[in-house]
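In each ligand, atom 1 is the first atom listed, and ligand 1 is the first ligand listed. Both backbone and side-chain heavy atoms feed into the values below; hydrogens, waters and symmetry mates do not. As the structure is a computational prediction, the values presented were derived from the model and not from experiment. Positions are given from 1, in the same order as the sequence printed here.
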Amino acid sequence: MSSDPLANKAQAWSALFSEPMSELVKRYTASVGFDQRLWRADIEGSLAHAEMLAAQGIIGEQDLADIRRGMAQIGQEIESGRFEWKLELEDVHLNIEARLTALVGDAGKRLHTGRSRNDQVATDVRLWLRGEIDRLQPLLADMQRALLDVAEPHAETVMPGFTHLQVAQPVSFAHHLLAYVEMFARDAERLADVRKRVNRLPLGAAALAGTSYALDRARVARTLGFEGLCENSLDAVSDRDFALEFSAFASICMVHVSRLAEEIVLWKSQNFDFIDLADRYCTGSSIMPQKRNPDVAELARGKTGRVVGHLMALLTLMKGQPLAYNKDNQEDKEPLFDAVDTLSDTLRIMAEMVGGITVKADAMERAARRGYATATDLADYLVKKGLPFRDAHEAVAHAVKLALARGVDLAELPLAELKAAHPLIGDDAPQVLTLHGSMKARTVVGGTAPEQVRARIAAHRARLAASAAA
Ligand code: ARG
């Protein structure tokens, strides 16, 4: 057996092992099939570690130069698809290290000084996730901008606001869309907060207990742009809170997307007919020639299930693990990778689709006319005339009953009948029963009155412009 354990990993880990791994165990324990996407982070982390080792005099300057040269070549090989990933070498870390040693000899074997794959993998995943977070933030901003663009001309477009999916009170279409802007704005805030805890350096914890080499962890953190160190070596190698927090963020964000998707599906159905979608986001049916289905929205709603599932998978992965590193942790990657991929594709496609919405304002207004959406306004009118709210509520219920019996809206009741509901109802009552009057009256901060909605749109635009400039 050669003196290079890594080169002989195909047979055994070290002189300690008397027989090779079975093929099934090799396949079962390997992660290179999926963790190779960490390669850039792995090389970046190794270079920062090597630079620090050289600065501390733990490896020589020539070693560092050799490592840099070897890593540059490996980066090119991977990028161009020429790199030969080997299952025998288990994961991305051992594949890259073995290739480095093949290219530059002893310097490659010195790279792992004072380091373990346990702190290495935790560092790599954090670096990779930080990059993905920085790519997701602009997608969240695009989503908000797409909603604002559709909302902007519709601050006076009336639609029925619903509770229990029953017509409740008139709101503007812009106001309704702005509710989603609030959700995605909170998601952006949450993601920025998650990033702070992702962005801490585990490297230096080594296998679990720290190391006796005089490592300069702060220097490595600076090189890699980490904002702090993981301060307990056992926690550093075993903590996956950052993955849990990210998945919780992703799940919440997907739930927001899913609610919007559900509304788009409803609005596009013939029974609502509030909007139309651009043809490029619809698909046909193989049997029913008349169909134009909102498949993209339905899929976005469906894919929410898998992202929420990834959060459950990761929580369950962590719940029984004793300190410190366990091989279980290798299972953190696929759920996390898929959560990132699914969320970013979904945000991209939903923002595009929202941009292709055609608003059917007449249909929205017609729908708001059914269902006595201004009944509360009549009650408020009576309260302003001195009636206690509960009595006003009861009086209007009588008026609604009359209107129901005639099959008309409150505004269509003959004035005499309306007045019969309560003596305080005067000639000016019908004015408060108009949809636009009702909407315009809701001027409280956060209300649906057009001036409130326009102010909120302006505030969102200013916030997005400021964070894009930052
Ligand atoms: N592939 C492993 C993972 O993803 C790397 C760390 C392995 N460490 C170990 N001691 N086996 O977690």
Side-chain angles (χ1 to χ4, degrees), residues 5-6 8-14 16-17 20-22 24-46 48-49 74 78 83 85-101 109 111-132 198 200-211 230 233-244 246-247 310 313-341:
L6 217 48
N8 280 299
K9 192 169 174 292
Q11 284 78 45
W13 270 102
S14 67
L16 195 62
F17 288 72
M21 219 180 239
S22 86
L24 182 56
V25 171
K26 227 185 266 173
R27 190 161 59 72
Y28 194 72
T29 56
S31 55
V32 65
F34 50 86
D35 69 11
Q36 49 179 273
R37 77 189 269 173
L38 297 174
W39 70 267
R40 248 181 237 283
D42 195 66
I43 290 179
E44 201 189 337
S46 286
H49 180 65
I74 290 171
I78 297 174
F83 190 87
W85 296 101
K86 294 186 181 136
L87 190 72
E88 291 73 26
L89 291 169
E90 197 176 308
D91 57 24
V92 60
H93 324 291
L94 294 180
N95 267 272
I96 290 178
E97 191 186 333
R99 179 68 184 143
L100 182 70
T101 299
K109 296 189 207 169
L111 171 63
H112 212 49
T113 311
R115 184 176 77 166
S116 154
R117 274 187 302 156
N118 299 351
D119 56 346
Q120 184 179 0
V121 69
T123 302
D124 289 5
V125 178
R126 284 169 184 263
L127 272 178
W128 171 84
L129 186 58
R130 187 182 71 190
E132 295 300 323
V198 170
R200 291 176 192 165
L201 176 76
L203 213 59
L208 76 163
T211 174
C230 300
S233 60
L234 296 162
D235 183 47
V237 292
S238 63
D239 168 41
R240 293 294 181 274
D241 287 2
F242 65 89
L244 297 178
F246 177 85
S247 305
H310 295 325
L314 290 173
L315 287 166
T316 312
L317 174 70
M318 297 312 295
K319 75 170 275 297
Q321 285 194 52
L323 291 175
Y325 178 87
N326 302 284
K327 185 74 168 180
D328 311 42
N329 285 334
Q330 183 165 290
E331 287 288 310
D332 64 355
K333 291 169 199 63
E334 287 163 294
L336 192 59
F337 293 170
D338 190 69
V340 166
D341 293 345

*Taking only heavy atoms of Ser31 into account, list the atoms of ligand 1 that are under 4.0 Å away from them.*
1 (N)

_Protein contact of atom 2 (C) of ligand 1 - nearest heavy atom, named by residue and atom, plus distance_ = Gln330 OE1, 3.3 Å

_Region of Lys333 that comes within reach of ligand 1 [heavy atoms, distance under 4.0 Å]_ = side chain

*Is any side-chain N of the basic residue among Asp328 and Arg240 closer than 4.0 Å to the acidic one's carboxylate O?*
no

_Suppose we measure from atom 7 (C) of ligand 1 to each protein heavy atom; which comes out shortest, and what is that distance?_
Tyr325 OH, 3.4 Å

*For atom 11 (N) of ligand 1, grab the closest protein heavy atom and report residue, atom and distance to one decimal in Å.*
Arg117 NH2, 3.5 Å

*List the closest protein heavy-atom neighbour of atom 10 (N) of ligand 1: residue, atom name, distance to the nearest 0.1 Å.*
Asn118 OD1, 3.1 Å

*Sidechain-backbone polar pair: Gln120 side chain, Arg115 backbone, donor-acceptor under 3.5 Å*: no

*Could you check atom 5 (C) of ligand 1 against the protein and tell me its nearest heavy-atom contact, residue, atom and distance included?*
Asp91 OD2, 3.5 Å

*For Glu331, does the CD atom sit with more than 12 other heavy atoms under 6.0 Å from it, leaving out its own atoms?*
no

*asked:* Could you check whether any side-chain N or O of His93 sits under 3.5 Å from a backbone N or O of Asn118, counting only pairs where one atom can act as donor and the other as acceptor?
replied: no

_Checking the side chain of Asp119 only, and the main-chain atoms of Leu203 only, is there a donor and an acceptor separated by less than 3.5 Å?_
no

*For Lys327, does the NZ atom have more than 12 heavy-atom neighbours from other residues, nucleotides or ligands under 6.0 Å away?*
yes

